[in-house]
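For reference, the structure is listed below as structure tokens.
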Amino acid sequence: MSNDKEQGLATRIVHADRRFGVAHHAIRKPVHRSVQYGFDTVEDLIDVFQGKLKNAYNYSRTGTPTTAALEAKLTALEGGIGSVSFASGMGALSAIFLTLLRAGDHLVSARYVFGGTNSLFGTMRHLGIEVDKVDSCQVANVEAAIKPNTRMVFVETIANPGTEVPDLAAIGELCAERGLLFVVDNTITSPALFQPKSVKAGLVVNSLSKTIGGHGVALGGLVTDTGLFAWDNYPAIADEYRKGDPSLWGLTQLRKKGLRDMGACLSSDAADQIAIGAETLALRIERTSRSALALAQMLAAHPAVSRVNYPGLPSHPQHAIAKALFKSASWLLSFDLKETDALLPFINRLQIPLRATGLGDTRTLIIPVAPTIYNETPPPERALMNITDSLTRVSVGLEETEDLLADFEQALSGI
Ligand SMILES: *Cc1c(COP(=O)(O)O)cnc(C)c1O
């Protein structure tokens, strides 16, 4: 198990657990359900509270051996120095935005972000945190939005549902020059397709509920510190965490203020489900990406379809960036039909995809975007996000590519 660098992701992910100790020669990690942790002496208990005992736990809200094993596995895949797990992707994002920004701080975010994240920005504004959203496909827009109180820049690798790809490398460079914390939501690509550390991200977020867990049976979220950001000068770090190795200050604050105080902790059972799912991440994403590309190509060539959003198509505005940075263009695509009226009957004619929200399942999921997940978003704001009335999102699953193509063909032919 030597030499991490020469082994591919699929190899590392299935063997990662063994590197952190195996009890009783058991190949699978046990699930530790205990909420409490007891010690032989009160001195040990005190040491655990003061962080002096390694691999020790005091209360499962701040972690368990099972969540720690999952954190270690994903830290390795992201090439980071440590991770903190949360009950969901939104739990992870809330912890970042609400514990690493303070009233009066300014966040520059991509305009194209997950609906929950966009809604959270509203809450942050009520708390006195300024948020400006820009079209992050051009780094100049990000640069123009930076103000003296800007602390953080936030983007998603491939935006859902429009599949916009920010100018990741240029934004990372800009943040490094200006000393800004660059936070990248890697959910759609996952570490199987892309490591945000390669574009100088300081923190990486993954919703584990999507392709990493991969089977739609557990929610989870995770923040990984890449080790690239210098926390020494970051104003929001509380005085009590400004001691010891500065590279750990961000993670400490996320675990204490984010996980312990806000309480959105991942359960050991969910962590175990996600860890099992993650073992096949590399294999699954190969299939789902291949099918997504084939489906995008077929839809783009179909007379009933007016537009297809998929970064793997040469017609996609950020195709070159996606090709340069991502191993493949992922399992997420969206498209518009020429006739909006034909949309709902078309979706009902599909036999294989489930008419469902959610992403990154084993099964293909399809949803018309405007009347569902963007139902609360006013039409002008939808328009800014390139969300038209007929925009339909597909999360491609593990079905045979040919079966999926045939099903979409038959449903389209009814238009
Ligand atoms: C789903 C999603 C989230 C939120 O994750 P949950 O685990 O559902 O809370 C955040 N970001 C992106 C890009 C997502 O797709």
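All values below come from the heavy atoms of this structure, side chains included, with hydrogens, waters and symmetry mates left out. Since the structure is predicted, the reported quantities are computational estimates derived from the model, not experimental observations. Every number for a ligand or one of its atoms is a count from 1 in the order of the listing.
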> Pairs in or reaching into residues 229-238: which pass side chain to side chain donor-acceptor pair (under 3.5 Å), with residues at least two apart or in two chains?
Replying inline: D225-W231
> If you look only at pairs with a residue in residues 183-205, which of them pass as a ring-ring contact (aromatic ring centres under 6.0 Å, His included), with sequence neighbours excluded?
Replying inline: F194-F326
> Considering residues at least two apart in sequence or located in another chain, which fulfil the ring pair (Phe, Tyr, Trp, His ring centres under 6.0 Å) criterion with F49?
Replying inline: none
Would you mind writing out a table of all protein N or O atoms found under 3.5 Å from any N or O atom of ligand 1, naming both atoms and giving the distance to 0.1 Å?
residue, atom, partner, partner atom, Å
ligand 1, 5 (O), S207, OG, 3.1
ligand 1, 7 (O), G89, N, 2.8
ligand 1, 7 (O), S207, OG, 2.8
ligand 1, 7 (O), S209, OG, 2.6
ligand 1, 9 (O), G89, N, 3.1
ligand 1, 9 (O), M90, N, 2.9
ligand 1, 11 (N), D185, OD2, 2.7
ligand 1, 15 (O), K210, NZ, 2.8

> Relative to F114, does K210 satisfy both conditions: NZ or CZ under 6.0 angstrom from the six-membered ring centre, and within 45 degrees of the ring's axis?
Replying inline: yes
>> Is there a side chain to side chain donor-acceptor pair (under 3.5 Å) between T99 and Q253? Walk through the geometry before answering.
In response: CA-CA 7 Å; T99 72; Q253 179 139 323; 4.9 Å; no
> How many angstroms lie between CG in L333 and OG in S395, if you round to the nearest 0.5 Å?
Replying inline: 9.0 Å
